[in-house]
Amino acid sequence: MEDIFPHQGKLIAYVDGSFHPDLQKYAFGCVLLTSEGEIVEKSGSGSNPESAAIRNVAGEMLGAMYAARYACVKGYRELEIRYDYEGIEKWVTGAWKAKKELTRKYAAYMRSRSQYISLSFTKVRAHSGNEYNDRADALAKAALLMPDGLPQV
């Protein structure tokens, strides 16, 4: 099989989600630290009613899925997702049962990406002064005021 992984490096992604109750809108912020030393900031938002029902968790899941897609498209072999909401890891690993349809879809998507990349997770404390986690949080909050959509990879 042809090697589709030109970087063969590790990508670190800080992800966070946000929710605006008046707008019924969720968003994500993602700070990607590449093995080449770049810092890439991405964010996106949505207002699907089913997703909005789980508030900021929808945004955080969206951020993790975006990071996984980014890693695959850009050819990284490893992705470490740094998050502050436990479900981001535990639904994927099976430590928590994904009871809702959205969490099941999230877990299935992330597991499907693990065919192409090695996934790992690291929990970070929210609002603890971690520069990149705080930046992901700020990006998510700002994305709530942008039109719905995901950035291109």
Side-chain angles (χ1 to χ4, degrees), residues 10-35 39-74 76-153:
K10 182 175 182 176
L11 181 68
I12 296 171
Y14 284 83
V15 300
D16 208 354
S18 193
F19 179 74
H20 193 297
D22 294 335
L23 299 174
Q24 285 297 294
K25 190 169 181 172
Y26 51 91
F28 78 89
C30 185
V31 178
L32 301 155
L33 308 177
T34 73
S35 56
I39 299 172
V40 179
E41 296 183 346
K42 298 291 185 174
S43 60
S45 63
S47 55
N48 174 290
E50 184 183 5
S51 297
I54 59 173
R55 305 174 64 87
N56 62 304
V57 174
E60 197 143 347
M61 290 189 312
L62 199 57
M65 291 187 299
Y66 180 84
R69 182 168 180 264
Y70 185 96
C72 288
V73 168
K74 296 293 186 177
Y76 289 93
R77 286 210 186 262
E78 296 178 58
L79 171 63
E80 178 185 345
I81 296 177
R82 297 183 181 175
Y83 63 90
D84 59 28
Y85 177 70
E86 286 182 273
I88 294 305
E89 175 180 6
K90 292 188 174 185
W91 287 316
V92 177
T93 64
W96 284 3
K97 182 176 173 139
K99 296 177 184 175
K100 296 181 180 193
E101 182 179 355
L102 283 173
T103 57
R104 284 193 299 272
K105 286 180 179 179
Y106 163 73
Y109 179 84
M110 296 301 283
R111 288 178 189 139
S112 75
R113 298 296 89 199
S114 67
Q115 297 175 60
Y116 308 103
I117 54 175
S118 173
L119 278 175
S120 63
F121 298 90
T122 302
K123 181 157 180 16
V124 296
R125 283 186 53 217
H127 313 290
S128 63
N130 179 300
E131 175 185 1
Y132 299 120
N133 190 60
D134 289 349
R135 183 65 188 141
D137 181 60
L139 287 166
K141 284 179 176 35
L144 290 169
L145 303 177
M146 298 181 344
D148 286 1
L150 301 178
Q152 293 203 354
V153 172

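The analysis underlying the following values was restricted to heavy atoms, covering all of them including side chains, and did not include hydrogens, waters or symmetry mates. The chain is numbered in sequence order, starting from 1.
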### Query
When you look at R82 and N133, which way does the side chain to side chain contact (heavy atoms under 4.5 Å, CB included) test go after all the steps?
CA-CA 8 Å; R82 297 183 181 175; N133 190 60; over 6 Å; no
### Message
Does atom NZ (K123) have a neighbourhood of more than 12 heavy atoms from anything else shown, all under 6.0 Å?
### Response
yes
#### Entry: Parallel, tilted or perpendicular: ring planes of W91 versus Y106, cut at 30 and 60 degrees
perpendicular
### Query
Mind checking whether F28 and L150 have side chains closer than 4.5 Å, heavy atoms only?
yes
### Task
Could you tell me whether a side-chain N or O of R104 sits under 3.5 Å from a main-chain N or O of K99, the two making a donor and an acceptor?
yes
### Task
Could you check S120 against E78 for side-chain hydrogen bond (donor to acceptor under 3.5 Å, both in side chains), going step by step and ending with a plain yes or no?
CA-CA 8 Å; S120 63; E78 296 178 58; over 6 Å; no
### Task
Using modelled atom types only, decide if a donor and an acceptor are shared between the side chain of R77 and the backbone of S118 within a distance under 3.5 Å.
no
#### Entry: Side-chain touch T103/W96, heavy atoms, less than 4.5 angstrom
no
### Nearest heavy atoms of D84 and A126, plus distance in Å
OD2-CB, 3.4 Å
### Query
To the nearest 0.5 Å, what is the distance between CD1 (I39) and CG (L33)?
6.0 Å
### Task
Establish, for the pair R113 and Y109, whether the NZ or CZ atom is under 6.0 angstrom from the six-membered ring centre and no further than 45 degrees off its axis.
yes
### Task
If a pair satisfies side-chain hydrogen bond (donor to acceptor under 3.5 Å, both in side chains) and one of its residues is in residues 47-73, list it, with sequence neighbours excluded.
S47-D148
### Query
Between OH of Y132 and CD1 of I12, what distance do you get to the nearest 0.5 Å?
9.5 Å
### Message
Would you compute the distance between atom CE of M65 and atom CD1 of I88 and round it to the nearest 0.5 angstrom?
### Response
8.5 Å
### Query
When rounded to the nearest 0.5 angstrom, what is the spacing between NZ in K100 and NZ in K105?
14.0 Å
Using distance only, find each side-chain donor-acceptor pair of residues 134-146 under 3.5 Å and give its atom names and separation, not counting sequence neighbours.
residue	atom	partner	partner atom	Å
R135	NE	E41	OE1	3.2
R135	NE	E41	OE2	2.9
R135	NH2	E41	OE1	3.0
D137	OD1	K141	NZ	3.0
D137	OD2	K141	NZ	3.4

### Least distance between heavy atoms, K25 atom then G46 atom
CG-O, 3.2 Å
#### Entry: Side-chain donor or acceptor of Q115 paired with backbone N/O of S112 under 3.5 Å
yes
#### Entry: Test item: M61 and I54 side chains (from C-beta on) under 4.5 Å apart, heavy atoms
yes
### Task
Could you check if a side-chain atom of L11 sits within less than 4.5 angstrom of a side-chain atom of K74, using non-hydrogen atoms only?
no
### Evaluation steps, side chain to side chain contact (heavy atoms under 4.5 Å, CB included), between V31 and V40
CA-CA 6 Å; V31 178; V40 179; over 6 Å; no
### Query
Out of curiosity, T122 OG1 to Y83 OH, how far, rounded to the nearest 0.5 Å?
7.5 Å
### Query
Should F19 and Q24 count as side-chain neighbours, where that means a heavy-atom distance under 4.5 Å?
yes
### Task
Looking only at non-hydrogen atoms, find the nearest pair between L79 and A13 and report the distance.
CD1-CB, 4.0 Å
